[in-house]
There are 2 protein chains.
Amino acid sequence: MDKYNEPLDTIFHALADPTRRAVVQCLVKGPAPVKELAAPYNMALPSFMKHISVLEQAGLIASQKQGRVRTCTFNPDKLAAAEQWFEQQRAIWASRFDNLDNLLTTLQGETDET
Amino acid sequence: MDKYNEPLDTIFHALADPTRRAVVQCLVKGPAPVKELAAPYNMALPSFMKHISVLEQAGLIASQKQGRVRTCTFNPDKLAAAEQWFEQQRAIWASRFDNLDNLLTTLQGETDET
DNA sequence: ATTATACTTATCCATACGGCTAACTATAAT
DNA sequence: ATTATAGTTAGCCGTATGGATAAGTATAAT
């Protein structure tokens, strides 16, 4: 059964790793070649390349080879897609008190809310 | 080596699964018992409970047992923490053109930007 | 007192993940 | 022409993940 069929699956999975988040955090500042991105990590290149592939397949970054150097660039679209999901949840959460029934039900369990 | 030491690791990993995202999406509307949350999924209860545990250990939800029923509630703090990471990246990405050097460097590769 | 409900605990299983090394390819650099 | 650089390809390995079943526990319902 095809896991990661939904885009959000791949995106969140890609971001669930500290190395990969750091790579994104580096690429939002501007494009960079793989070698440069890999430098800070005490990791074999093939291992690092897997992270790059995961990010690329998630659509969070793109890459192109020129000569023997592969340069990676950040792609803002997919990050925005993930952010949207958060906004959705926050919107629903914020609208909890829209009707009185919800309010009363909720207040039975909690007293400290923003 | 302790993976998932950083909160964001656990949070994003928790959200990388469609079932777990759906549970969150359900709980933002209000608290619900495990049985009710599990109903839509054709999944054995122990399997489903694992998802609940993952969400709870990530801090995205909380749960308490009353009688034989365990009721789950959404916790907005951790979701906000994750959202912050996105905002950070977006901020850095938006400030790419702050100095001319970056602008010129970047324009070499791209021509269509928002 | 018995039975049904709502989990819980304990295993088990196949696959995915994150790391590695070794060997290969292709492009600079000398 | 040789050598160094920057990836790439192909395996291997231990652990984690997402699912399952089977049996147990504690609480409500009858």
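These figures come from a predicted structure and were not determined experimentally. Order of the sequence lines sets the chain letters (A, B, ...), proteins ahead of strands, with each chain counted from 1.
One finds a side-chain N or O of B:His51 lying less than 4.0 angstrom from the OP1 or OP2 phosphate oxygen of D:dG19. Here B:Lys65 reaches the OP1 or OP2 of C:dT8: one of its side-chain N or O atoms lies under 4.0 Å away.
Here A:His13 contributes atom NE2 and A:Leu8 contributes atom CG; the two are 14.0 Å apart, rounded to the nearest 0.5 Å. Separating the CD1 atom in B:Ile92 from the SG atom in A:Cys26 is a distance of 10.0 Å, to the nearest 0.5 Å. Rounding to the nearest 0.5 Å places CZ of A:Phe48 at 11.5 Å from NZ of A:Lys35.
Atoms NE2 (B:His13) and P (D:dA16) sit 11 Å apart, rounded to a whole Å. Atom C1' of nucleotide C:dG18 and atom CZ of A:Arg20 are separated by 8 Å, given to the nearest angstrom. A:Lys35 has its NZ atom 4 Å from the P atom of D:dA6, to the nearest Å. As a whole-Å value, the separation of B:Ile52 CD1 from D:dG19 P is 13 Å. Distance, A:Met49 CE to C:dG19 P: 14 Å, rounded to whole Å. Atom pair A:Asp17:CG and C:dG18:P shows a separation of 6 Å (rounding to whole Å applied). Rounding to whole angstrom units, CZ of residue A:Phe12 and P of C:dA16 are separated by 22 Å. The distance between atom CD of B:Glu36 and atom P of C:dT5, rounded to the nearest whole Å, is 17 Å.
For B:Arg68, there are no salt bridge (charged side-chain N to carboxylate O under 4.0 Å, His left out) partners at least two apart in sequence or on another chain.
The cluster map of Ile, Leu, Val, Met, Phe, Trp and Tyr, joined by side-chain heavy atoms under 4.5 Å apart, puts B:Leu55 and B:Leu37 in the same cluster.
Side-chain contact check for B:Trp93 versus A:Leu27: every heavy-atom pair is 4.5 Å or farther apart.
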Report task. Could you run through nucleotides 20-30 of chain C and give me one letter per nucleotide, 5' to 3': B if any protein heavy atom sits under 4.0 Å from the base, S if only the sugar-phosphate is that close, - if neither? Result -> BBB----BS--
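Using cut-offs of 30° and 60° on the angle between ring planes, the pair B:Phe12 and A:Phe12 is parallel.
Nearer to the 5' terminus of DNA chain C, by closest-nucleotide assignment, is the contact made by B:Val34 (compared with the other of A:Val54 and B:Val34).
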